[in-house]
Every structure is written in C-alpha cells, then in structure tokens.
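Accompanying notes for the structure given below.
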Amino acid sequence: MPGSPDLSVLAGDVLDVAPRLLGAHVSHAGVTVRLTEVEAYAGESDPGSHAFRGPTERNAVMFGPAGFLYSYLIYGMHVCANVVTGTPGTASAVLLRAGEVVEGIDVARGRRPGATDRDLARGPARLCRALAIGLDHGGADLTIGPVRLYLAPDRVGPVATGPRVGLRQAAERPWRYWLPGEPTVSVYRPAAPLRRRPRG
DNA sequence: AGGGTGATTAGG
DNA sequence: CTAATCACCCTC
C-alpha cells in the first residue's frame, strides 16, 4: 500500500535513510516488493562505494539529488538497484538487497523460474529480476516511474544491523540493515579474503 | 566449492 | 590497448 509519495526524507544522511527504507514498497511492471534488507553506501568517503573514486559515467546519478535509481551490472550477469540519497554532491545511495513480494506474485514467479516464493526477491539481483528492473531504469525518478518507491508511513519495528555483504573494502562498517526474523533476508558468505591465511 | 559472465576502470 | 576487479547466483 502506498505511503507518502513525498520522498524528501531521502535527502538526509544515508545512515539515517537506509533503515527508514525497510518496510517501504518498490513497484514496477506488475510486481510490488516490501523491502526487508538494505545497505548504505556513503559515497566518496566510503571505500566500498562505487563513488569512492569520484564521479564517472556509470555512477553519475549518485552525485545528483535523492530519489533517483542507480542500477548497475555486476559480474557480467546481474543487475542491482540503489536509491540515491543525500544532497547533490554527496553521492550516497542505498542498495536494495532483499524484499518480500506482496503484489503480483504470479508475475514474479514467471520471472524467477524454479525459485521458491521466499527466494523471489531474496538477494539484490534476484530482487531486480523479480521486479524486472534493468540497466535502462538507471537514472529514473522514483516519484514519477516507471519504478516507484513508497515509504512506509510508520515505524516498522526493530531493525538489525551488521556488516555489508560481499565487500572487501570497508567490510567492517556495519551498514547493512534488515528486519529481524524476516524469512526473505538474504544470507551470503562474507567476501573471500584476498589470500588464504596460513593454516591454523 | 567452483564457475559463469561482461561492463567498468585505471594504467601503459 | 591490456588486465584487474566486481555491492552475485546457480549448481555441483
């Protein structure tokens, strides 16, 4: 259910905004997902962020105003989606890591053959697949569409935090946020160490 | 536990 | 141009 279409809260600090996105709804092309897990990326001050080394063609939208979509291709196969936050110049964003399909589940099933309902949007690339979010949607205004974001009108209960998934840089920052107890929260191994440690 | 896949980026 | 890297998912 749509909350407020006013996304001005996204202009705040990304560490405040990220947990507020839990419980928000993302809608596109017949499917709606309720977010259960996100990660904060703090732009040029964050070694884990795509914007750490400054503006490039790919990350340009992150340097713009809040409320736009940053989508990118990872490992030659998968698309991941972020909501741009903060004020122009800050380049911060929130990665949409997982959610529960609350609308259009038959459509989502068709896009994720073989997946269980729990896994339909469990993981950032799976979430994009279930929602049919592609690279073309990068730069889209989330208040106008086609991809729409509806913030949760009220507080959503307890929020858990922990290290972000899959990063080798700044892996210790506890900037992953999720709704504890939700079955749709993604679970993946931490990033592999650069070199194997000597046995011990 | 291991492999697929191709854009993006820095550097010569 | 080359080579390294990569905010992942699937299958074995």
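Chain A is the first sequence line, chain B the second, and so forth, proteins listed ahead of strands; every chain is numbered from 1.
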* Crowded around A:R34 CZ? As in, over 12 foreign heavy atoms under 6.0 Å? -> yes
* Structure fact -> Symbol by symbol from the 5' end, with Watson-Crick or G-U pairs under 3.5 Å, [ ] crossing and | another strand, DNA chain C is ||||||.||||.
* Tell me, with the steps shown, if A:V159 and A:W178 meet side-chain contact (heavy atoms from CB on, under 4.5 Å). => CA-CA 6 Å; A:V159 171; A:W178 67 94; over 6 Å; no
* **Of the listed nucleotides B:dG4, C:dC6, C:dA7, the one nearest the side chain of A:M77** => B:dG4
* Asked: To the nearest angstrom, how far is A:R168 atom CZ from C:dA4 atom P?
  -> 13 Å
* Asked: Does A:L135 or A:R53 map to a spot on DNA chain B nearer the 5' end, using the closest nucleotide for each?
  -> A:L135
* Please confirm whether A:Y72 and A:Y70 have ring centers closer than 6.0 angstrom. => yes
* To do: Report the distance from atom OH of A:Y70 to atom P of B:dT8, rounded to the nearest whole Å.
  => 9 Å
* To do: Let me know the distance between CG of A:L73 and C1' of C:dA7, rounded to the nearest Å.
  => 13 Å
* To do: Rounded to the nearest angstrom, tell me the gap between atom CG in A:N59 and atom P in B:dT8.
  => 11 Å
* Could you tell me whether A:R97 and A:E39 have a side-chain N and a carboxylate O separated by less than 4.0 Å? => yes
* Measure the distance from CZ on A:R97 to C1' on C:dC9 and round it to the nearest whole Å. => 12 Å
* Has A:R173 got more than 12 heavy atoms of other residues, nucleotides or ligands less than 6.0 Å from its CZ? -> yes
* Nearest whole angstrom, please: distance from the C1' of C:dC6 to the NE2 of A:H50. => 7 Å
* Could you tell me whether A:R112 contacts a base, only the sugar-phosphate backbone, or nothing, with contacts defined as non-hydrogen atoms closer than 4.0 Å? => sugar-phosphate
* Asked: Is it true that the NZ or CZ of A:R164 lies under 6.0 Å from the centre of A:Y41's six-membered ring and within 45 degrees of the ring axis?
  -> yes
* Asked: A:L167 CG to C:dC8 C1': how many Å, rounded?
  -> 12 Å
* Stacked pair A:Y72-B:dA7, distance under 5.5 Å, angle under 30° -> no
* Asked: Looking at C:dA7, C:dC9, B:dT9, which one has an atom nearest to any side-chain atom of A:A125?
  -> C:dC9
* May I have the step-by-step check of side-chain contact (heavy atoms from CB on, under 4.5 Å) for A:V101 and A:D117, ending in yes or no? => CA-CA 8 Å; A:V101 175; A:D117 286 353; over 6 Å; no
* OP1 or OP2 of C:dA7 sitting under 4.0 Å from any side-chain N/O of A:R176? -> no
* Asked: Of A:A115 and A:R58, whose nearest nucleotide on DNA chain C comes first from the 5' end?
  -> A:R58
* Asked: Which whole-number value in Å describes the distance from A:Q169 CD to C:dC6 P?
  -> 7 Å
